[in-house]
Amino acid sequence: MDAVVIKKPGCVALEQVKIPEPPVGFVRVKVKAAAICATDLEILDGNIPANYPLIPGHEWSGVVDAVAEDVDKRWVGRRVVGSCDVVCLKCEACRSGNWRYCNDFEEIGFKRNGAYAEYVIVPAYGLCELPQNVSFVQGAFCEPLGVALGTLEKAGAKFNDTLVILGAGSIGLCILAAAKAMGMRNIVVVATSEKRLGIAKQMGAFRTIATDDCDLVEEMKKIHPNGTDVVIDATGIEVCIQQSLKLARKGGTVALAGYGRGKVMNIRMDDIHINNLRVVGAGNNWNQHKKAVTLMENGLVNIEHFATNLIRLEDFNEGFELARKRPEGFVKAVFVHE
């Protein structure tokens with residue numbers, strides 16, 4: 001089969017590899033759509049630990065093509081999305097549903113081969129059937145939408161809360177879509193420039209702010225005069241995290257959903273201490289695919305328009321370049337298969 005293989009940091013190629021067979025507990029999925037994520041660029045650049053050579057890709061949808069002997073044969077032929085978490089299912093963390101706290105945790109697309117290929121091997125226990133009224137392309141976005149749902153859950157966000165989202169990438173926009181579906185109000189989306197804010201406006205953001213053009217803290221005083229109930233940083237950038245702490249109301253919540261790339265950052269502790277802020281880490285979101293599918297199936301969330309560029313596997317260089325440069329209007333490049 002054809003597969004995009006990162007041989008080592010900085011070295012990627014389209015190669016012919018053997019079609020994999022599903023081991024015990026796993027199924028083989030014929031990939032229909034696989035979206036490029038910014039973290040895949042981190043793997044390509046060697047900034048995230050990975051098992052090279054590696055086929056990346058953790059945002060996918062497809063049709064079950066084959067199953068291991070111990071897996072229900074009725075999965076064959078079904079349209080699916082699913083978890084990329086490979087875990088033991090036996091330890092205390094797994095039994096409590098906290099799969100990513102499992103000591104044996106490995107993630108497809110990082111430690112195990114992913115979906116930038118014609119077929120991918122995934123665990124049967126993480127499968128979720130994809131309804132007919134949800135396209136394969138939108139189905140591939142269940143993973144980033146699940147990240148958004150997990151972030152809002154960790155933040156304790158609720159109906160009628162005000163919200164600020166720093167970052168208008170795919171995760172920030174997924175948080176916007178999910179927050180609107182759950183009835184949060186006066187949602188403000190912040191980015192450095194207007195590049196992606198047009199999409200946030202189209203999705204119904206209450207306000208958008210380009211920080212290149214104004215002082216964010218002063219601007220937010222006009223919109224949420226008493227501060228914001230929930231502030232989510234989806235950038236992992238030091239200055240954005242610093243600003244997040246200044247935007248939350250007294251007793252409010254700041255959720256850190258951005259990947260910090262291993263950097264050590266400075267914050268002003270008194271912004272947290274004096275204002276009694278609740279600051280939560282919002283990485284390692286798990287088991288959210290079914291919730292994401294339900295939102296899509298019922299028309300509460302439609303993010304198919306995130307697929308701004310549909311490409312083939314042989315166009316991987318174009319896809320990676322788009323993801324890296326993020327031109328105006330671009331959200332996601334998605335590999336699609338007939």
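These values consider heavy atoms only, across backbone and side chains, with no hydrogens, waters or symmetry-generated copies. Keep in mind that what you see is a predicted model, and the values were worked out from it rather than measured.
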Anything under 30° is parallel, anything over 60° is perpendicular, the rest tilted; go ahead and classify Phe335 against Tyr116.
perpendicular

Would a line drawn from the ring center of Phe141 to the ring center of Trp60 be shorter than 6.0 Å?
no

Check against side chain to side chain contact (heavy atoms under 4.5 Å, CB included), Lys201 and Arg207
CA-CA 7 Å; Lys201 291 174 186 175; Arg207 284 284 301 276; over 6 Å; no

Between Thr308 and Val331 (side chain of the first, backbone of the second, donor and acceptor by atom type, cut-off under 3.5 Å), is there such a pair?
yes

If a pair satisfies ring pair (Phe, Tyr, Trp, His ring centres under 6.0 Å) and one of its residues is in residues 292-318, list it, with sequence neighbours excluded.
none

Does a side-chain N-to-carboxylate-O contact under 4.0 Å join Glu321 and Arg324?
no

Other than Ile241, what residues sit in its cluster of Ile, Leu, Val, Met, Phe, Trp and Tyr side chains whose heavy atoms are under 4.5 Å apart, directly or through others?
Val164, Leu166, Val188, Val190, Phe206, Ile209, Leu216, Val217, Met220, Ile223, Val231, Leu245, Leu247, Val254, Leu256, Met265, Ile267, Met269, Ile272, Leu277, Val279

Between Glu328 and Arg196 (salt bridge meaning N to carboxylate O under 4.0 Å), is one present in this structure?
no

Rounded to the nearest 0.5 Å, what separates atom CG in Leu41 from atom CD1 in Ile36?
7.5 Å

Nearest-0.5 Å distance that lies between atom CD in Glu297 and atom CD in Gln132
10.5 Å

Output the distance between atom CG (Asp104) and atom CD (Glu106), rounded to the nearest 0.5 Å.
8.0 Å

Taking all atoms of both residues into account, what is the closest heavy-atom pair of Gly156 and Arg278, and its distance?
N-NH1, 4.1 Å

Side chain to side chain contact (heavy atoms under 4.5 Å, CB included) between Val76 and Val67, worked out:
CA-CA 7 Å; Val76 175; Val67 300; 3.9 Å; yes

Distance check, rounded to the nearest 0.5 Å: Asn275 atom CG versus Asp270 atom CG?
9.0 Å

Short question: side chain of Gln138, backbone of Ile303 - any donor-acceptor pair under 3.5 Å?
yes

Drop me the distance from Asn133's CG to Asn298's CG, to the nearest 0.5 angstrom.
8.0 Å

State whether a side-chain donor-acceptor pair under 3.5 Å links Asp2 with Gln16.
yes

Identified side chain to side chain donor-acceptor pair (under 3.5 Å) partner of Glu107 from the options Arg100, Arg112, His58:
Arg100

Donor-acceptor pair between Thr192 and Asp212 side chains, under 3.5 angstrom:
no

Asp65: what forms a salt bridge (Lys or Arg N to Asp or Glu O under 4.0 Å) with it, not counting sequence neighbours?
Arg28

Between CG on residue Leu163 and NZ on residue Lys180, distance to nearest 0.5 Å
11.0 Å

For Arg249 and Asn226, does a side-chain donor sit closer than 3.5 Å to a side-chain acceptor?
no

